[in-house]
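So the structure is just underneath, and the comments pick up after that.
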Amino acid sequence: MAGSLGGMFSGQPPGPPPPPPGLPGQPSLLQAAPGAPRPSNSTLVDELESSFEACFASLVSQDYVNGTDQEEIRTGVDQCIQKFLDIARQTECFFLQKRLQLSVQKPDQVIKEDVSELRSELQRKDALVQKHLTKLRHWQQVLEDISVQHKKPAEMPQGSLAYLEQASANIPAPLKQT
């Protein structure tokens, strides 16, 4: 899939771009880890992609659709999914290692990212507080309108049914939740 997308955007050569060099003694960007049984040009991303395609293929394969042994089908699908999850964990581990290296080499960059995330979270929470304040003001006004009606019993017609009709006529319709 990655190879099929190469050259799709202008100015890009066909095929995946060459990975940037890693640190000495470290695999370059998503290159196969030492000791792992991988083809010579394979990367974790390539393997993740192929294992995902294998999972998808096993789910839509005619062999499984026409097969009668449900246990065999389940076992095959489980194996494909387990391989995908293992490679996904390896990929996650790679990125966590790179993140750790970045935090050691450039701690100021990590702090800048944290500050940026905190600012965006504060903006989101401020917007949420404003939304709740708007709702609070609305319901305070509703309660105030109802309390004003209760203070004017002389203007209300006599009888409990007439009082309920008058009180319910002044209650606003509920707001739609967005």
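Basis for what follows: all heavy atoms, side chains included, without hydrogens, waters or symmetry-related copies.
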Point to revise | Nonpolar side-chain network containing L96, other nodes, edges under 4.5 Å | key: none

**Study point:** Listed partners of F84 passing side-chain contact (heavy atoms from CB on, under 4.5 Å), at least two apart
**Key:** L48, S51, F52, C55

Indicate every side-chain donor-acceptor pair of residues 106-119 with a distance under 3.5 Å to a residue at least two apart or in another chain.
from, atom 1, to, atom 2, distance (Å)
E113, OE1, R99, NH1, 2.5
E113, OE1, R99, NH2, 3.0

Point to revise | Pairs where residues 75-91 contributes a residue and the test salt bridge (Lys or Arg N to Asp or Glu O under 4.0 Å) is met, not counting sequence neighbours | key: D86-R89

Check your understanding: Rounded to the nearest 0.5 Å, what separation is found between the NZ atom of K125 and the OG atom of S120?
Key -> 10.5 Å

Practice item. Would you give the length of the straight line joining atom CD1 of I87 to atom CZ of F94, rounded to the nearest 0.5 angstrom? Key: 15.0 Å

Exercise for review: Check side chain to side chain donor-acceptor pair (under 3.5 Å) between Q141 and all other residues, then give those that pass, not counting sequence neighbours.
Suggested key: D145

Point to revise | Atom pair OG1 (T43) and CD (E49), whose distance is rounded to the nearest 0.5 Å | key: 9.0 Å

Exercise for review: Give a yes or no on whether W139 and I146 share a hydrophobic cluster (residues Ile, Leu, Val, Met, Phe, Trp, Tyr; joining criterion: side-chain heavy atoms under 4.5 Å apart).
Suggested key: yes

Check your understanding: Out of curiosity, K131 NZ to T134 OG1, how far, rounded to the nearest 0.5 Å?
Key -> 10.0 Å

Exercise for review: Would you mind listing the cluster partners of L133? Hydrophobic ones only (ILVMFWY), side-chain contacts under 4.5 Å, chaining allowed.
Suggested key: V129, L136

Review point. Hey, any chance L102 and F95 share a hydrophobic cluster, counting ILVMFWY side chains that come within less than 4.5 Å of each other, even indirectly?
Key: no

